[in-house]
Q: 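To start, I am sharing the structure in question, which I have written as structure tokens.
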Amino acid sequence: MNDTDIFMQPQYQFTEIEQQAQQYWSDRNSFAARLDGKKPKYYCLSMFPYPSGKLHMGHVRNYTIGDVLSRHHRMLGYDVLQPMGWDAFGLPAENAAIQNKVPPAKWTDDNIAYMKKQLQSLGFAIDWSRELATCKPEYYKWNQWLFLRMLEKGIAYKKTQTVNWDPVDQTVLANEQVIEGRGWRTGALVEKREIPGYYLGITQYAEQLLADLDKLPGWPERVKTMQANWIGKSTGVRFAFTHDIRDTAGELIADGKLWVFTTRADTIMGVTFCAVAAEHPLAMLAAHGNAELAAFIDKCKQGSVMEADMATMEKEGMDTGLKVTHPLTGEQVSVWVGNYVLMSYGEGAVMAVPAHDERDFEFAKKYKDQLPAIKQVVEPFELQDYRERQERLGKGNASLNKPNSGPLTQNEYLAASDSVIENFSFTTDSWKSIYASTVTSVCINSGKYDGLRYEDAVDAIAADLAAKSLGEKKTQWRLRDWGVSRQRYWGCPIPIIHCDNCGDVPVPDDQLPVKLPEDCVPDGSGNPLNKLDTFINCVCPKCGQAAKRETDTMDTFVDSSWYYARYASKFSPDAMVDAETSQWMPVDQYIGGIEHAILHLLYSRFWSKVMRDMGLVNYDEPFANLLTQGMVLNHIFSRRTDKGGIEYFAPEEVGLIYDANGKIEGATTLADGQRVDFQGMGTMSKSKRNGVDPQSLIEQYGADTARFFMMFAAPPEQTLEWSESGVEGSHRFLKRIWAFAAEHPGIGQAGLVPTEIPQEFQKIRREIHLTLKQANFDLKKQQFNTVASASMKILNALERVPSQKTGIGQPIHSGYQLVVQEGLSILLRLLSPICPHLTHALWVELGYGDDILSAPWPEPLEAALAQDEIELVIQVNGKLRASITVAKDADRANIEQLVLSHAGVQKYLEGVSVKKVIVVPGKLVNVVVG
RNA sequence: GCCGGGAUGGCGGAAUUGGUAGACGCAGCGGACUCAAAAUCCGCCGCCGAAAGGUGUGGGGGUUCGAGUCCCCCUCCCGGCACCA
């Protein structure tokens with residue numbers, strides 16, 4: 001090599017080393033993914049970035065994790081695919097356009113070019129030939145194509161949707177652009193508007209999306225739980241209370257039926273009232289001519305809909321004065337408006353059974369003077385079983401009066417149950433101790449249903465309701481269809497043409513893609529496409545008359561719902577994906593932030609199933625294994641300004657103050673020595689000024705240091721606390737490796753055979769192989785922090801190998817050569833996924849081979865791990881007292897005898913007798929005395 | 001409020017899944033080199049104690065020869081959420 005000069009230097013010149021390694025990989029196209037069918041495949045995918053301008057630390061962490069996995073699997077003998085691309089449509093490009101008057105296309109392209117350079121400087125083993133950007137027509141053409149197929153199948157459809165409308169800018173706002181009910185730019189009060197839009201029928205796949213979570217053992221439990229909750233399946237009974245309530249025109253409302261949904265139909269005989277949402281037609285009707293009720297309804301509509309806010313909120317309601325008829329008992333039941341009933345879920349109305357629903361109970365407690373007495377209709381099965389046994393024994397006539405207050409025992413409850421309803425005290429505690437019932441309950445006080453357990457009761461009641469045409473069993477989903485229309489410019493055009501004669505006409509396939517004009521500069525006053533005649537005006541594909549193009553674009557979640565499949569395919573202009581896709585898919589390892597646990601992952605799963613049903617792909621689930629990496633945190637420093645605001649200081653602008661325990665107490669600014677407060681660790685963000693720029697990190701320490709620290713500081717799923725001195729420590733380690741290697745030029749070439757190795761060398765060799773064993777175990781667990789520390793341990797061990805130079809000119813011991821040669825080879829390979837540049841350079845320079853990428857992954861050798869003597873720890877009554885060294889095949893009796901005669905043990909045996917001796921082979925001996 | 005995950009030195013974090021608690025690193029302290037500093041290297045480093053020893057994984061109880069690890073109760077912290085009938 002002509003660049004040997006760098007390697008001869010004992011100094012670690014990372015910039016040159018990294019550039020040369022990257023050049024080497026790029027010259028040889030080292031990371032082009034190929035499937036030869038002989039090796040197993042490994043598709044490793046990190047969530048693609050939004051090209052916001054430059055990388056942040058979260059990206060560095062995410063992509064380093066992916067790269068470590070990719071490089072490790074490559075050396076294990078897999079064909080690896082690790083692609084990269086750009087989630088390039090979205091609102092920030094439009095905001096930048098408004099600010100800088102640059103077209104979003106230009107802004108996005110420039111950002112991509114810069115960020116690509118940054119990614120390359122980190123040395124990721126990416127197949128750049130598969131790079132894609134979702135804002136390019138050759139990509140989004142297939143969004144449009146699949147959308148049209150969904151339209152044909154009835155999966156996509158049009159209906160009106162509610163949007164946030166800014167009356168000043170005359171534009172639709174995204175939720176994030178609404179700040180405290182006002183438009184972010186204009187400050188105008190935001191209005192709700194109903195406009196038409198396209199929806200995708202994800203609810204048609206609800207059952208599959210829920211059931212197939214079981215096919216994902218490689219996903220974190222919490223992500224699966226979140227998805228299951230989001231899909232929100234509940235099975236129950238939908239039924240109607242009948243009524244004769246008429247509107248102001250005298251028309252019977254909703255055919256005289258008040259529909260409700262319940263998962264607890266077995267408690268139907270315990271209904272004491274009904275509650276409807278504020279927006280429910282019955283509530284609206286009752287509000288006519290009832291100012292008090294109208295005011296209450298208005299108040300309900302204003303309240304927060306967030307669960308956390310609501311959980312502690314007082315349940316409130318008001319009687320509408322309306323009555324409905326119970327479908328089974330014929331009793332008249334009052335209809336109330338309840339602030340805890342949501343119009344958007346189920347029927348917007350509920351039956352209220354205070355005895356067996358905590359919310360209903362809270363409500364009934366508050367309005368007990370206006371509502372009928374609560375009615376218990378189920379009790380735990382175990383209790384009923386108990387009661388029956390008691391009755392057979394002819395017992396059970398005690399009174400409710402319990403001498404000492406406290407919760408009733410089962411026995412006491414049983415004795416008093418007949419009088420419990422009259423004497424029930426209205427507290428949540430007594431409700432919980434008496435009524436709260438699970439589904440293992442049995443009906444009581446329910447006429448013909450008495451004695452039926454949950455499932456049987458629901459079946460019988462559903463059958464009776466069905467016989468009257470007033471109800472049936474039903475599955476209710478929380479999941480709603482996915483609205484994909486966005487009234488924005490920088491997105492994929494929805495391929496529809498509006499014709500006065502023919503209505504909404506799909507763009508024919510041969511006219512795809514509908515290209516987004518790229519020279520627009522949004523000015524904040526709505527979608528510029530609306531003003532672009534060259535885009536809007538077109539010809540109806542059906543009748544040939546002049547027509548208008550749809551100007552809405554698609555939600556950017558569409559773009560990211562299938563990019564992984566495109567990566568895995570040849571980028572054909574004629575097909576969304578090709579046969580190669582099904583060879584690479586599913587993704588073997590997907591890595592990204594937990595913030596995408598619900599929407600992105602659910603939409604991708606849905607999209608995959610749609611593609612599968614259209615015969616495009618052959619997999620049910622796109623991501624076999626999911627790793628959700630933690631966030632990157634840094635110190636936050638702030639102080640109150642004179643004006644009462646908060647001013648933030650970057651960590652490099654302050655000096656820390658520690659308390660007596662060495663904990664950070666506060667800090668002072670380096671500039672003026674003023675005191676600032678330490679706010680703890682928080683996510684790196686611009687607003688808190690605690691971000692660290694990856695670029696300056698790479699320039700100062702190199703990519704390998706950045707990568708090493710990212711892996712070393714915390715396990716991947718946990719948050720990672722930034723530490724400048726931690727980065728320095730990582731850098732120090734890499735310098736030490738370099739210096740150690742520089743002292744052993746050409747050591748990789750020595751052809752040594754490990755035969756007779758003296759003890760002193762064997763001991764360290766064993767330590768190295770033991771550490772390697774642990775590291776390989778940790779890699780399987782994806783616990784990279786201990787893999788990084790294992791590489792440190794191996795270097796520590798290598799530096800301890802006795803060099804035993806016998807004198808000037810004397811050769812060093814062959815045992816030394818062997819252990820260092822082998823140990824360094826293990827260290828370089830083990831470290832190479834984390835620090836690929838340094839290890840690449842040293843592998844070649846020390847003569848181990850041409851390319852560490854094609855070296856096999858190191859495995860510990862049994863011969864190196866074997867030992868003739870083992871150390872056993874000795875405990876007396878579980879406390880560590882001594883240790884002995886015994887032959888590895890020493891038998892139990894032998895060990896016991898050795899232990900009991902050990903001086904360090906005997907002093908604990910005086911005056912007591914040995915009861916038992918426990919020998920854990922290879923580990924320890926516990927002498928139990930007493 | 002509900003669901004999920006946690007709590008181990010001054011700090012980040014280990015502990016091969018019930019078997020020597022604190023690996024590895026950071027910070028700190030002491031020393032070597034240096035005119036000096038930086039860099040580098042060597043040593044010490046949970047707490048109490050002069051030592052012997054004792055004690056110690058958020059708190060309390062339990063199972064076990066043995067518990068950071070398993071079980072029950074409690075406290076606090078973080079993440080998620082939908083008053084879901």
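Note on naming: letters A, B, ... go to the chains in the order of the sequence lines (proteins, then strands), and numbering restarts at 1 for each one.
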Q: Both A:Gly232 and A:Ile594 contact RNA chain B. Which one's nearest nucleotide lies toward the 5' end?
A: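 Nearest-nucleotide comparison on RNA chain B picks A:Ile594.
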Q: Taking only Lys NZ, Arg NE, NH1 and NH2, and the carboxylate oxygens of Asp or Glu, determine whether A:Glu869 and A:Lys888 approach each other closer than 4.0 Å.
A: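 Here A:Glu869 does not pair with A:Lys888 in a salt bridge, since their nearest N and O are not under 4.0 Å apart.
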Q: With a non-hydrogen cut-off below 4.0 angstrom, is A:Val341 in contact with a base, only sugar-phosphate, or nothing?
A: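 Base contact - A:Val341 has a heavy atom under 4.0 Å of at least one base atom.
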Q: Test salt bridge (Lys or Arg N to Asp or Glu O under 4.0 Å) on A:Glu896 and A:Arg892 and set out the steps.
A: CA-CA 6 Å; A:Glu896 268 188 46; A:Arg892 214 193 138 89; 3.4 Å; yes
Q: Rounded to the Å, how far apart are A:Arg222 CZ and B:G5 P?
A: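 Whole-Å distance recorded here is 9 Å.
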Q: Quick one: what's the B/S/- string for nucleotides 12-18 of chain B, heavy-atom cutoff under 4.0 Å, read 5' to 3'?
A: BSSSS--
Q: Roughly how far apart, to the nearest Å, are B:C78 and B:G61 at atom P?
A: 28 Å
Q: Assess the pair A:Tyr701 and A:Phe709: is the distance between their ring centroids shorter than 6.0 Å?
A: no
Q: Taking the six-membered ring for Trp, are A:Phe14 and A:Trp738 ring centroids under 6.0 Å apart?
A: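 Between A:Trp738 and A:Phe14, which both carry aromatic rings, the centre distance is not below 6.0 Å.
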Q: Report which part of the nucleic acid A:Lys773 touches: base, sugar-phosphate, or nothing (heavy-atom distance under 4.0 Å, all strands).
A: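 Contact class for A:Lys773: none.
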Q: If you measure from the P atom in B:A38 to the same atom in B:A32, how many Å do you get, rounded?
A: 14 Å
Q: For the pair made of CD in A:Glu362 and C1' in B:G1, what is the distance, rounded to whole Å?
A: 10 Å
Q: How close or far is atom P of B:C81 from atom CG of A:Leu599, stated in whole angstroms?
A: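 Roughly 9 Å, once rounded to whole Å.
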Q: Once you round it to whole Å, what is the distance between P of B:C26 and CZ of A:Phe733?
A: 11 Å
Q: Which dot-bracket notation, 5' to 3', represents the base pairing of RNA chain B when pairs are defined as Watson-Crick or G-U with both distances under 3.5 Å, crossing pairs as [ ], and inter-strand pairs as |?
A: (((((((..(((......[....))).(((((.......))))).(((....)))..(((((..]....))))))))))))....
Q: Would you call the rings of A:His72 and A:Trp857 parallel, tilted or perpendicular, where under 30° means parallel and over 60° means perpendicular?
A: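 Taking A:Trp857 first and then A:His72, their aromatic rings stand perpendicular (interplane angle over 60°).
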Q: What's the CZ-P distance between A:Phe363 and B:G1, to the nearest Å?
A: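 So the CZ-P distance, A:Phe363 to B:G1, works out to 22 Å.
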Q: Have a look at A:Arg736 and say if it touches a base, only the backbone sugar-phosphate, or nothing, with a 4.0 Å heavy-atom cut-off.
A: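 Sugar-phosphate: the residue A:Arg736, judged by heavy atoms under 4.0 Å, touches backbone atoms but no base.
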Q: How long is the line joining CD1 of A:Ile870 and C1' of B:G19, in whole Å?
A: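 A:Ile870 atom CD1 is separated from B:G19 atom C1' by 14 Å.
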Q: Look at the aromatic rings of A:Tyr345 and A:Phe261 and report parallel, tilted or perpendicular, splitting at 30° and 60°.
A: perpendicular
Q: Is there a side-chain contact between A:Met57 and A:Leu697, using heavy atoms and a 4.5 Å cut-off?
A: yes
Q: Pairs in or reaching into residues 788-801 of chain A: which pass salt bridge (Lys or Arg N to Asp or Glu O under 4.0 Å), with residues at least two apart or in two chains?
A: A:Arg736-A:Glu799, A:Glu767-A:Arg800
Q: What integer distance in Å separates A:Leu633:CG from B:C77:C1'?
A: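 Distance, rounded to whole Å: 14 Å.
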Q: Identify the residue among A:Met681, A:Arg61, A:Glu721 that makes a side-chain contact (heavy atoms from CB on, under 4.5 Å) with A:Val632.
A: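 Single pass found, and it is A:Arg61.
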Q: Classify A:Lys233 by what it touches in the nucleic acid, base, sugar-phosphate, or nothing, heavy-atom distance under 4.0 Å.
A: nothing
Q: To the nearest Å, give me how far apart CD (A:Glu717) and C1' (B:G4) are.
A: 13 Å
Q: Say you pick atom C1' in B:G1 and the same atom in B:U8; how far apart are they, in whole Å?
A: 31 Å
Q: Would you confirm whether the ring centroid of A:Phe241 sits within less than 6.0 angstrom of the ring centroid of A:Trp259?
A: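 When the ring centroids of A:Trp259 and A:Phe241 are compared, they turn out to be at least 6.0 Å apart.
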Q: Looking for any heavy atom pair under 4.0 Å, which part of the strands does A:Val873 touch: base, sugar-phosphate only, or nothing?
A: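 Base, at least one base heavy atom under 4.0 Å.
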Q: Looking for any heavy atom pair under 4.0 Å, which part of the strands does A:Asn796 touch: base, sugar-phosphate only, or nothing?
A: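 Touches sugar-phosphate only.
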Q: Students often get this wrong, so: under 4.0 angstrom with heavy atoms, is A:Arg238 touching a base, only sugar-phosphate, or nothing?
A: nothing
